[in-house]
Amino acid sequence: MAGTHGRQPRSYSVTAGVSNAALINASKVLSEVAAPFNIRVNAINPGPIETDRMVYLVKEKAEELSIPSTDAKRILADVTALKRFGTPEELAAAVVFLSSSRASFITGIMFDIDGGQVQSI
């Protein structure tokens, strides 16, 4: 698990971005080193997922802006193309897929589970 700020840096999250970028880079290198042993390595980059951490971030944003939590949640979800947080089950589905034999030819990728948060070409 890395994170989307490793691919799309944000000024408010420099430390997480640097750490996530390092994890993504290490995953790519490990995928090359491990491939001859038929070991696959991929980086999953979660975006805003409905977890205790997001509940905390919503609360922080609401307090920062003196707005209701529902409005803060909408603001934080608006960074995604789908305009919502993902669920832990949606993130888990990607992990299960990448761990399965159906993904046996997938290694060395970054898999963004972010509802379209990261804008890339």
Side-chain angles (χ1 to χ4, degrees):
M1 291 289 169
T4 56
H5 291 167
R7 293 193 3 95
Q8 187 163 326
R10 302 285 186 193
S11 62
Y12 57 83
S13 187
V14 173
T15 305
V18 169
S19 300
N20 292 335
L23 286 170
I24 291 166
N25 186 289
S27 296
K28 184 66 174 175
V29 170
L30 288 172
S31 73
E32 293 173 10
V33 171
F37 304 100
N38 203 31
I39 297 171
R40 297 174 289 119
V41 180
N42 297 294
I44 294 178
N45 303 317
I49 303 294
E50 189 83 53
T51 61
D52 290 343
R53 173 150 170 75
M54 286 308 300
V55 170
Y56 171 79
L57 292 174
V58 166
K59 181 182 174 208
E60 288 282 306
K61 180 62 82 176
E63 290 175 4
E64 173 191 340
L65 300 176
S66 299
I67 59 175
S69 291
T70 52
D71 292 344
K73 184 175 182 178
R74 182 182 39 76
I75 289 168
L76 292 173
D78 276 350
V79 302
T80 72
L82 295 176
K83 307 297 183 204
R84 67 176 180 86
F85 293 162
T87 66
E89 294 80 10
E90 290 168 320
L91 179 59
V95 172
V96 169
F97 170 71
L98 287 173
S99 301
S100 75
S101 62
R102 297 180 90 186
S104 62
F105 197 60
I106 299 174
T107 194
I109 67 156
M110 296 174 291
F111 203 64
D112 296 331
I113 309 298
D114 67 353
Q117 177 186 22
V118 172
Q119 300 297 313
S120 58
I121 298 175

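A side chain to side chain contact (heavy atoms under 4.5 Å, CB included) with Q117 is found for one member of D112, N45, L82, T4 and no other, namely T4.
The backbone N or O of G115 lies less than 3.5 Å from no partner atom in the side chain of R84, so there is not a single donor-acceptor pair. In this structure a side-chain-to-backbone donor-acceptor pair under 3.5 Å is present from N42 to G108. With hydrogens and angles disregarded, a donor-acceptor distance shorter than 3.5 Å links the side chain of T107 to the backbone of V41.
With a 4.5 Å cut-off on side-chain heavy atoms, P48 and T80 count as touching.
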Passes side chain to side chain contact (heavy atoms under 4.5 Å, CB included), T51 versus L91? Steps please. CA-CA 11 Å; T51 61; L91 179 59; over 6 Å; no
May I have the step-by-step check of side chain to side chain contact (heavy atoms under 4.5 Å, CB included) for M54 and L57, ending in yes or no? CA-CA 5 Å; M54 286 308 300; L57 292 174; 3.8 Å; yes
Side chain to side chain contact (heavy atoms under 4.5 Å, CB included), that's the test. Do R74 and D78 meet it? Break it down for me. CA-CA 6 Å; R74 182 182 39 76; D78 276 350; 4.0 Å; yes
E90 and E50: CA distance, side-chain angles, deciding distance, side chain to side chain contact (heavy atoms under 4.5 Å, CB included) verdict: CA-CA 10 Å; E90 290 168 320; E50 189 83 53; over 6 Å; no
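A chain of hydrophobic side-chain contacts below 4.5 Å, direct or via other Ile, Leu, Val, Met, Phe, Trp or Tyr residues, connects I109 to V95. Residues F37 and V29 do not share a hydrophobic cluster, defined by chaining ILVMFWY side chains whose heavy atoms lie under 4.5 Å apart. Under the 4.5 Å side-chain heavy-atom criterion for grouping Ile, Leu, Val, Met, Phe, Trp and Tyr, I106 is connected to F111 within one hydrophobic cluster. One hydrophobic cluster holds both L98 and I113 under the rule that ILVMFWY side chains link at heavy-atom gaps under 4.5 Å. Linking ILVMFWY residues whenever their side-chain heavy atoms come closer than 4.5 Å, directly or via other members, leaves V55 and F85 in distinct clusters.
Atom CZ of residue R40 and atom OG of residue S99 lie 7.0 Å apart, to the nearest 0.5 angstrom. Residue D71 holds its CG atom at 12.0 Å from OG of S66, rounded to the nearest 0.5 Å. With rounding to the nearest 0.5 angstrom, the CD1 atom of I44 is 11.5 Å from the CD1 atom of I24. Taken from NZ in K61 to CD1 in I67, the straight-line distance is 8.0 Å, to the nearest 0.5 Å.
Shortest non-hydrogen contact noted between A2 and P46 is O-CD, 3.8 Å.
Crowding of K83 atom NZ: a count of heavy atoms from other residues, nucleotides or ligands under 6.0 Å exceeding 12.
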